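Throughout, a chain's letter reflects where its sequence line sits, starting with A, and its residues are numbered from 1. Here the structure is a predicted model, which means the values were calculated and not measured.
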Amino acid sequence: MSAGPRRLAMGGRIDRDRPLRFTLDGRSMLGFAGDTLASALLANGATLVGRSFKYHRPRGLLAAGVEEPNGLVTLGSGGRTTPNVVATVAELYEGMTARRQNGWPSVGFDLLAINSCFAPMLSAGFYYKTFMGPRRGSWMFYEPMIRRAAGLGQAVHERDPDRYETRHEFTDVLVVGAGPAGLCAALGAGLAGATVLLVEQDSLAGGRLLSASPTGETAQWRTQILASLAQLANVKILCRTTAIGLYDGNTVALVERCAQGQPDPLRGEARECVITVRAKAIVFASGAIERPLVFSDNDRPGVMLAGAAQTYLHRFAVAMGGHAVFATNNDWAWRAALELSGAGTTVTILDQRAELDPALTAAARAAGVAVEAGALLTRALGGRRTEGVEFRSAGSARERSIACDVVCVSAGWSPAVHLTSHTGIKPVYRDDIDAFVPGGFAAGHFGAGAVTGRFALEEAARGGHDAGIGAARHAGYAATSPSIAIPATANAGYAIEPARTPVRGGRGKAFVDFQNDVTTQDLAISHQEGYVSVEHLKRYTTLGMGTDQGKTSNVNAIRLMAAERGLDVASAGTTTFRPPYTPVSLGALAGRNVGHHFRPIRRSPLHEWHIANGAAMIEAGPWLRAWYYRWAGDSAERAYVVEMRNVRSSVGVSDVSSLGKIDVQGPDAAEFLNRLYVNGFAKLPVGKARYGVMLNDDATVLDDGTCARFSETRYFMTTTTAQAGEVMSHLEFLLQTAWTELDVQVASLTDEWCGMSIAGPKSRQALQLAFADCDLTDAALPHMGCRELELAGVSARLLRLSFSGELAFELYVPADYGISVWEHILTRAAPLGIRAYGLEALASLRIEKGHVAGLELDHRTTLDDLGLGKMAADKPFVGRALRERPDLRAGGRWSLVGLECLEPSARLRGGAILFAGSDPIAGHGRGYITSVTWSITLDKFIALGLYQGGLQHINEEIICAYPLKGEQVRARIVSPVFVDPHGERLRV
Amino acid sequence: MFERRSALAPYLAAGGRDGANGARTLRISELRGWHLLQLAAFDARGTHFRNALTSLIGAELPAAAGQQRPCDHGRILCLSRGQYWVDSRDAAWLADLSRAIPPEAGAATPLSHGRVRLAVEGAVARALLAKGIAVDLHPSVFRVGDFAQTALHHTGILLERCAESRYELFASRTYSASIWEWIIDAALPFGYDVRVEDIGDNK
């Protein structure tokens, strides 16, 4: 297979001993190690790389780096399919499969090119203007079609099998960009003794040095610098690593491309790694990006940046064409033109400047390069490839033409200010270089090289070295690093004149933003329609909103916009640069937070037992809890009823380890709790527990729970599972800010103790069988009593309190003993029919008993709303003041009621909206159902809910409407305590 | 009569696996046989607390947060102003210490069951931990004996560098399975062995 018609026999930084086979749209081609997909395509003569976004115009490669707007391809297959890969960045590997995008049925023969005929309907903001009729709502008829046509590549729905890693790095000095400035900065800082991390987005270090001859003086200088850096153990270089964002605290996000080809995730090989770097000082040496000229049909395949042509020649040994026209406004492009001429290409230079540097014109003459001064390129000729150009000379209206097969354009260089702008420092315009530079640097930030508008090699190298020294000093090193040698040929000038755009009215479209098909006409329309600010211009035209983020279009657009508004460029402003600098794969952002690693799960000490004994588990916040057990049924609906019945008639045991458990200790602990809870705790006796409610500052209920007193200074607080973290934070906040005078310490014990609730009329017998030596009589452990004890040498805490409404005990043992104790109880109490019961049954039992829980404690309900107003004692407590707000005292608030279903064949549903019998069934109603269960006691559906006026309406019949299922069910308002309203079962 | 069962028992049984190059360059262990007590002084009684504790543990207290000192039957770590962890192999001594802390001077809270203690050991241990811990682990910064309260996989941990290539971490028991899964996933490219390490006195 041939190396390609455009591949030069010698030169470049490719390895001709390592040929690589790849395919483009199924057609086999050959490239070499060191190629990008783009360079390999050009070498093979493939100039058509895709179709444009709206008009489906044929497009070729414009650039050679990340700024490429046209060469977006799809790589890979199956779950590894990656659309919109920039071909100029994709390193070639053996077996690469590439597909061009946005053409139907193919990019080569694209029927959708007919869109160009409808261009007037597809101009800027067309979706706000066209496709709006013939009647209201018509847009939604067109929208799906437009949406399908939008975008370039297509993602797949298959799972991505690859692995993406993350890691943290710390360094004294981070240097972004390994071009000449960055290399010298790293060397300067490294020799000063600082730890240095030098990152480079390219696969090789060198930046613009890689676009020069690989055998020339600058190439040798590059080799020497790299060798010097390799000697320094404190300098680490990461190539293929892009700095995508700058954040506060000198934090920079990097994306490292770890693997080319096919990494093996089963061996832990990662495709990409996101690195969070924290640096003491940062040197920004991120270089500059060349701008294209704006003229008619400037998007023809074969029109490319002058610097790109130079790169393809020297780095990839690709000859761009037989006859090249260079169109420019600056001196730099002449060097590229002369180099291409030296490689055998016939070159003509069109320079819009009338006055030219005599040294340059002399060099061109000597090289046989034709020059037209004062010449303005007006149009590129051709269709799917460039065939020539038209231009006008100064002072003449006559269009002349030149035949050529490649047009190399340069409107100057734009410093890559994106990263330096991420923390809000806006770039500023410099008219000497006709470009924007960073508007300043924060303390500890340094800039060097092309990013600061210093394009000459000597300037960049010295500036980089100085920046490296400065960064090392900022990091605390006494930097006195020796100076570095710089090639004598390094000092070349950069004269430039602002680029002129041919006046509108010419044939063809003049593109400003290639990727989003934004033309000069679109900018004019935007201005005419009042979108004059740069931010509006961007959004209305979508200029700069493609995956290239306008890297080759922003500055040209600002110039054109300024001209429309009659402003100078400096006054026109820029849009806001935001991370990421280049597109980041979703896989990289997810890292290893996928599957069961998505977030951490909290598991009870009894988790292993639940799994082994047929529990169906359910997520409850961060926890996995036993939902129901298969001994009781094969679905939650069947099982919870059986489990409930066992508790009400015999005894059940439930895992309550997820309840928040907080240790409260100190001489002022009683006072602390007394201020915290609405009810009194100051006089709670040792050996007793009490149910308590705590409020937010605004008097809504924060949480409820119990608090047991084990000594004069030691308390054991329980909270709901959902609110445990918030309550703990609340306690710490109060102790650290509001009540610093109290001698109290709190500590979370949620992980320390395994908790189990043994509930049912036979619960005392069950525990007595398990722990024969314990006195569990009512006298020894009355209702709401608590005790610390030893169970066969294991410390334990036993509380007699009930959530279910039955006689019940909560036993807490150190977590590692949980399974052993639990199994012991189940084994010894087996003759009583003890069985485990899950969260569903636990919740249903408490509904029957009328206990409020999370569904009622939603941070909107007050003590009085929940029927607990009488708990509030006459003492200061958190929330007391705002409890007196008129709104919270108003009659008719939604407050707690019980509901009994009156229709045997129907059911009540959580969230159902409640209406009085005479109300129209519309709107928000008078309340809603908070909790529902089938009541084994009443043999019907019951519920708790909030209803306007609450129990003032007891015994009234209401409607429970559930619009999602079209249901309206009659129910009666009753007391929320359906079972044992006098608490007789609790006090046996 | 009652047996302790580690939160990681089912996970340890799965054993280790080879890494990308067929080797196992890490050892990941659950440590057992240790006991932990959290002590916290009441602000106004700081001097009383320090004097009492110094006498009880037979050693001066660490001067500042992030420091530790050996003491009778173990060591004491200062987590923050007035807050300490006492790590000991002697459960009985620790229980006595807990009871001996004057209740008017400070709070004593047992945490021996509330934490799981893991060790990650090997030349690449630092590289593994750097995948998820935002602490500068460079040997010159995070020295042997240094510890830090930090986060791993969205949960709070205490990380300590115990030896040249050995790190130990205390994780919350209820999160320990997720932490274990995170660690062995991160260790996949390196290869790892798994073991239980009994560091207690009563082996």
Rounded to the nearest 0.5 angstrom, the CG-CZ distance for B:Leu137 and A:Phe170 is 7.5 Å

Under 4.5 Å to a heavy atom of chain A? For B:Gln38 that would be side chain

Note: vs chain A, highest number of non-hydrogen pairs under 4.5 angstrom among B:Ala177, B:Ala134, B:Ala186 is B:Ala134

For residues 76-85 of chain B, the salt bridge (Lys or Arg N to Asp or Glu O under 4.0 Å) pairs (sequence neighbours left out) are B:Asp43-B:Arg81

Most heavy-atom pairs under 4.5 Å with chain A, out of B:Ala95, B:Ala108, B:Gly22, B:Gly82, belong to B:Ala108

Rounded to the nearest 0.5 angstrom, the CD-CD distance for A:Glu712 and B:Glu104 is 12.5 Å

pair A:Arg602-B:Ser178: side-chain heavy atoms closer than 4.5 Å: no

ask   = Within a strict 4.5 Å, meaning less than it, do heavy atoms of the A:Arg603 and B:Ser176 side chains meet?
value = no

Taking every heavy atom of B:Leu188 against every heavy atom of A:Pro265, the minimum-distance pair comes out as CD2-O, 3.7 Å

Okay, B:Ala187 and chain A: the region with an atom under 4.5 Å from a heavy atom over there is neither

Bottom line for B:Ala105: the part with an atom under 4.5 Å from chain A's heavy atoms is neither

Whatever's closer than 4.5 Å to a heavy atom in chain B on A:Gln745 counts as both

Note: A:Arg163 and B:Asp185 closest approach over all heavy atoms is NH2-O, 2.5 Å

Bottom line for A:Trp753: the part with an atom under 4.5 Å from chain B's heavy atoms is neither

Highest number of heavy-atom pairs under 4.5 Å with chain B among A:Asp663, A:Thr713, A:Ile601 belongs to A:Ile601

For B:Phe42 and A:Pro667, the nearest pair of non-hydrogen atoms, with its separation, is CE1-CD, 3.4 Å

Note, A:Gln665 side chain near B:Thr109 side chain (heavy atom, < 4.5 Å): yes

Between the NZ atom in B:Lys131 and the CD1 atom in A:Ile275, the distance rounded to the nearest 0.5 Å is 12.0 Å

The interface call for B:Leu129 against chain A, heavy-atom contacts under 4.5 Å, is neither

Quiz item: For B:Glu60, does the CD atom sit with more than 12 other heavy atoms under 6.0 Å from it, leaving out its own atoms?
Solution: no

Of all heavy-atom pairs linking B:Pro110 and A:Leu749, the shortest is O-CD2, 4.0 Å

Using a 6.0 Å cut-off, check whether atom CZ of A:Arg599 has over 12 heavy atoms from anything other than its own residue.
yes

Does A:Phe733 CZ have over 12 foreign heavy atoms under 6.0 Å away? no

Okay, B:Thr155 and chain A: the region with an atom under 4.5 Å from a heavy atom over there is side chain

When the 4.5 angstrom heavy-atom criterion is applied to A:Ser711 and chain B, the contacting part is neither

Does B:Tyr175 reach the side chain of A:Pro622, with side-chain heavy atoms less than 4.5 Å apart? yes

CD (A:Glu608) and OH (B:Tyr11) are apart, to the nearest 0.5 Å, by 8.5 Å

A:His597 and B:His153 have their tightest heavy-atom pair at O-CE1, 3.0 Å

Answer key: most heavy-atom pairs under 4.5 Å with chain B among A:His824, A:Arg267, A:Glu752 is A:Glu752

Are B:Arg4 and A:Asp816 within salt-bridge range, i.e. N to O under 4.0 Å?
-> yes

Here the gap from B:Met1 atom CE to A:Ser820 atom OG, rounded to the nearest 0.5 Å, amounts to 7.5 Å

Honestly, the part of B:Val135 sitting under 4.5 Å from a heavy atom of chain A is backbone

Chain B shares the most heavy-atom pairs under 4.5 Å, among A:Val821, A:Val794, A:Ile819, with A:Val821

Heaviest contributor of heavy-atom pairs below 4.5 Å to chain A, chosen from B:Gly132, B:Ala127, B:Gly191, B:Ala7, is B:Gly132

In terms of heavy-atom pairs under 4.5 Å with chain A, the winner among B:Ile179, B:Asn21, B:Thr174 is B:Thr174

Applying a strict 4.5 Å limit to non-hydrogen atoms, the region of A:Asn593 in contact with chain B is side chain

With a 4.5 Å heavy-atom cut-off, do B:Phe2 and A:Val813 have their side chains touching? no

In this structure, NE2 of A:His168 is separated from CG of B:Asp136 (nearest 0.5 Å) by 12.0 Å

Are the side chains of A:Tyr817 and B:Glu3 in contact, using a 4.5 Å heavy-atom criterion? no

So, the part of A:Arg278 with a heavy atom under 4.5 Å from chain B: the answer is side chain

The interface call for A:Pro263 against chain B, heavy-atom contacts under 4.5 Å, is neither

Note: vs chain A, highest number of non-hydrogen pairs under 4.5 angstrom among B:Arg17, B:His113, B:Arg115 is B:His113

